[in-house]
2 protein chains.
Amino acid sequence: MQDRLDRTFAALADPTRRAILARLAHGEATVAELQKPFSISQPAISKHLKVLEGAGLIERGQDRQARPRRLRLAAVDETSAWLDQLRSLWTDSFDRLDTLLRSPGTEAPHTQDRKG
Amino acid sequence: MQDRLDRTFAALADPTRRAILARLAHGEATVAELQKPFSISQPAISKHLKVLEGAGLIERGQDRQARPRRLRLAAVDETSAWLDQLRSLWTDSFDRLDTLLRSPGTEAPHTQDRKG
DNA sequence: AGGCTATATAGCCGATCGGTTATGCGCAAG
DNA sequence: CTTGCGCATAACCGATCGGCTATATAGCCT
């Protein structure tokens, strides 16, 4: 349950893998297609894909001899859900109000102004 | 610019560090306080805090000889922003409609039904 | 000053990561 | 049925990670 989050965040921590996800957001793609933008070997790409799949961020399809990958938005959602929850903990806690009032204006209030 | 995202996601990939963030969401805390829930050494905690600070997820305060940490929600926001952008790429792309129609019902449509 | 408290740094260790090359394996087509 | 394409796996490598112990620094408090 927690292990999954570990793997999702870890998978997202690599720029190559994020680029792959961005590419897959436009639609499914084969390994060869995914490799094109990069100057690394095909096995390296396969490894990245394995990590992404292990994190549940992508899934493998089958089309003739190709195995196209597609994005699993569910995993993306679960990940943002954790971040949202963290924000909730923050906004629900008034303890830190004291902290903010005494702090040297390090940051704006930032109570709920996201997504605007 | 990208390096920052790398570090943020990497920082979030560790359960201890996520727990620390969750704790800090309730208000600032000293190193000793943050260590309490865990059975690892104080230097290990300091290392985790260094990673979190390097990712911009927390900042160091000063209160007498203590250096309390507090959450930097801005970094959390930037991270969810990337995920949101990924979702936008997805929803803006109709290419994958074809993919979905031909897929063996692996997943529900999932067009915009998040946060419900 | 000298000691206590709070935290940071250094150096070590085994494990994991991200890359490589070499090779295997399934499928399609001549 | 062999050749070639698409992809996966294995084995190896240096670098980074997450933990440890030992030690250093910094700021109270006698």
Exercise for review: Let me have a per-nucleotide readout for nucleotides 19-26 of chain D, 5' to 3', with B, S or -, counting only protein heavy atoms under 4.0 Å.
Suggested key: BSBB---S
In whole angstrom, what separates [X]'s [atom1] from [N]'s [atom2]?
| X | N | atom1 | atom2 | result |
| --- | --- | --- | --- | --- |
| A:Phe38 | C:dG18 | CZ | P | 14 Å |
| B:Asp6 | D:dT16 | CG | P | 13 Å |
| A:Leu34 | D:dA8 | CG | C1' | 15 Å |
| A:Gln35 | D:dG6 | CD | P | 11 Å |
| A:Ile58 | D:dC7 | CD1 | P | 12 Å |
| A:Arg7 | C:dG18 | CZ | C1' | 18 Å |

Review point. Do the side chains of B:Thr8 and B:Glu78 get nearer than 4.5 Å, heavy atoms only?
Key: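 A side-chain contact under 4.5 Å is absent here.
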**Study point:** Residue pair B:Leu12 / A:Trp82, side-chain heavy-atom distance below 4.5 Å
**Key:**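 In short, these two side chains touch, coming nearer than 4.5 Å.
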Exercise for review: Would you kindly confirm whether A:Val51 and A:Ile45 end up in one hydrophobic cluster when ILVMFWY residues are joined by side chain heavy atoms under 4.5 Å apart?
Suggested key: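 Each belongs to a different hydrophobic cluster.
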Check your understanding: Is the distance from OP1 or OP2 of D:dC7 to the nearest side-chain N or O of A:Arg60 less than 4.0 Å?
Key -> no
Check your understanding: How many angstroms lie between CG in A:Leu57 and CG in A:Leu49, if you round to the nearest 0.5 Å?
Key -> 11.5 Å
Practice item. Return the minimal non-hydrogen interatomic distance between B:Arg7 and B:Gly54, and the atom names on each side. Key: NH1-O, 3.6 Å
Practice item. Say whether, by atom type as modelled, one donor and one acceptor occur between the side chain of B:Arg72 and the main chain of B:Gly56 under 3.5 angstrom. Key: yes
Exercise for review: Tell me which of A:Arg64 and B:Arg69 sits closer to the 5' end of DNA chain C, going by the nucleotide each one is nearest to.
Suggested key: B:Arg69
